[in-house]
Student: 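Can you keep this structure in mind? I'll have questions shortly.
Counting convention: from 1, in listed order, for ligands and their atoms alike. One is the number of the first residue; the rest follow in order along the sequence.
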Amino acid sequence: MPFMPSASAAHLDTLDAQYRDVLRNLEAILEGETDWVAAMATAAGELHNAFDHYDWTGFYRAVTGDMLVIGPYQGGHGCLRIAFGRGVCGTAAADRSTQLVPDVDLFPGHIACSSSTRSEIVVPVLRLDGTVLAVLDVDSNRADAFGETDRRHLAALCADLGRRFG
Ligand code: SME
């Protein structure tokens, strides 16, 4: 019997290929760009429009060592300020680590900017000295929308942004 990949394995291969396409394209668009706001706006737009499971996509900037302020984003209203340590974004900033949240209702202190958000992933953008420049926040209206493929590609993107704009 021929090998038939399972639906979910095929889905992950497709998702992986989509990320490689989108990130390759983004790299080409941002080649030579030195403006951080232009880079955030372009990254948010390219990602948001490429993936069906993205319902809010944007950056929160670490304007001080303990406060995030909203940056360029796509989607509905986003909260303007989030203190380090608060919600998923604030936890990613305080811990300087990616937060992958399959069910926002189970995350203590989750900030519900939109009642339709069911799951999210937040990836810190770190400067070369390890301090937080920003976080990339992606929210989905589907439960358990993000997995290791999303984490791996978004981490690579944010590492690159941190190196270039930190
Ligand atoms: N999901 C975030 C809040 C930001 S908005 O939903 C855009 C959080 O809990 O940190």
Student: A side-chain contact here means heavy atoms from C-beta on lying under 4.5 Å apart; do Val132 and Leu126 qualify?
Tutor: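 Side chain of Val132 against side chain of Leu126, heavy atoms only: contact under 4.5 Å found.
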
Student: Indicate, as side chain, backbone, both or neither, the part of Val104 found under 4.0 angstrom from ligand 1 when only non-hydrogen atoms are considered.
Tutor: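 Neither; no heavy atom under 4.0 Å.
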
Student: Less than 4.0 Å is my threshold; does some heavy atom of Tyr73 fall inside it relative to ligand 1?
Tutor: no

Student: Could you tell me if the side chain of Leu161 sits less than 4.5 Å from the side chain of Leu136, heavy atoms only?
Tutor: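 Side chain of Leu136 against side chain of Leu161, heavy atoms only: no contact under 4.5 Å found.
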
Student: Is there side-chain contact between Glu27 and Arg24, with heavy atoms separated by less than 4.5 Å?
Tutor: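 No - every pair of side-chain heavy atoms lies 4.5 Å or more apart.
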
Student: Judging by distance only, is a nitrogen or oxygen of Asp139 under 3.5 angstrom from one on ligand 1?
Tutor: yes

Student: Out of all atoms in ligand 1, which are within 4.0 Å of some heavy atom of Val88? Include the element for each.
Tutor: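 So the answer, numbered in order with elements, is 8 (C), 9 (O), 10 (O).
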
Student: Of Ile121, Val122, Ile111, which is the lone residue that meets side chain to side chain contact (heavy atoms under 4.5 Å, CB included) with Val88?
Tutor: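 For Val88, the side chain to side chain contact (heavy atoms under 4.5 Å, CB included) test succeeds with only one of Ile121, Val122, Ile111, which is Val122.
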
Student: Below 4.5 Å, heavy atoms only, C-beta onward: do Asp16 and His153 meet side chain to side chain?
Tutor: yes

Student: For the OG1 atom of Thr42 and the CD atom of Glu33, what is their distance to the nearest 0.5 Å?
Tutor: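 The distance works out to 7.0 Å.
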
Student: Quick one: nearest non-hydrogen protein atom to atom 3 (C) of ligand 1, plus distance?
Tutor: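 Ranking protein heavy atoms by distance from atom 3 (C) of ligand 1, first comes Ile111 O, 3.6 Å.
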
Student: How far is atom 2 (C) of ligand 1 from its nearest protein heavy atom, and which residue and atom is that?
Tutor: Glu120 OE2, 3.5 Å

Student: Just to confirm my output: which protein heavy-atom neighbour is closest to atom 5 (S) of ligand 1, and how far is it?
Tutor: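 Its nearest protein heavy-atom neighbour is Cys113 SG, 3.1 Å.
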
Student: With Tyr60, which of Val69, Ile82, Leu80 fulfils side chain to side chain contact (heavy atoms under 4.5 Å, CB included)?
Tutor: Ile82

Student: Does ligand 1 have a heavy atom under 4.0 Å from the side chain of Trp56, from its backbone, from both, or from neither?
Tutor: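 The answer is the side chain.
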
Student: At what distance is the nearest protein heavy atom to atom 10 (O) of ligand 1, and which residue and atom is it?
Tutor: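 For atom 10 (O) of ligand 1, the nearest protein heavy atom comes out as Cys89 N, 2.7 Å.
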
Student: List every atom of ligand 1 that sits less than 4.0 Å from any heavy atom of Asp137, numbering the atoms from 1 in the order shown and giving each element.
Tutor: 1 (N), 2 (C), 4 (C), 5 (S), 7 (C)

Student: So is Thr117 in contact with ligand 1, going by heavy-atom distances below 4.0 Å?
Tutor: no

Student: Any salt bridge linking Asp144 with Arg118? Criterion: basic side-chain nitrogen under 4.0 Å from a carboxylate oxygen.
Tutor: no

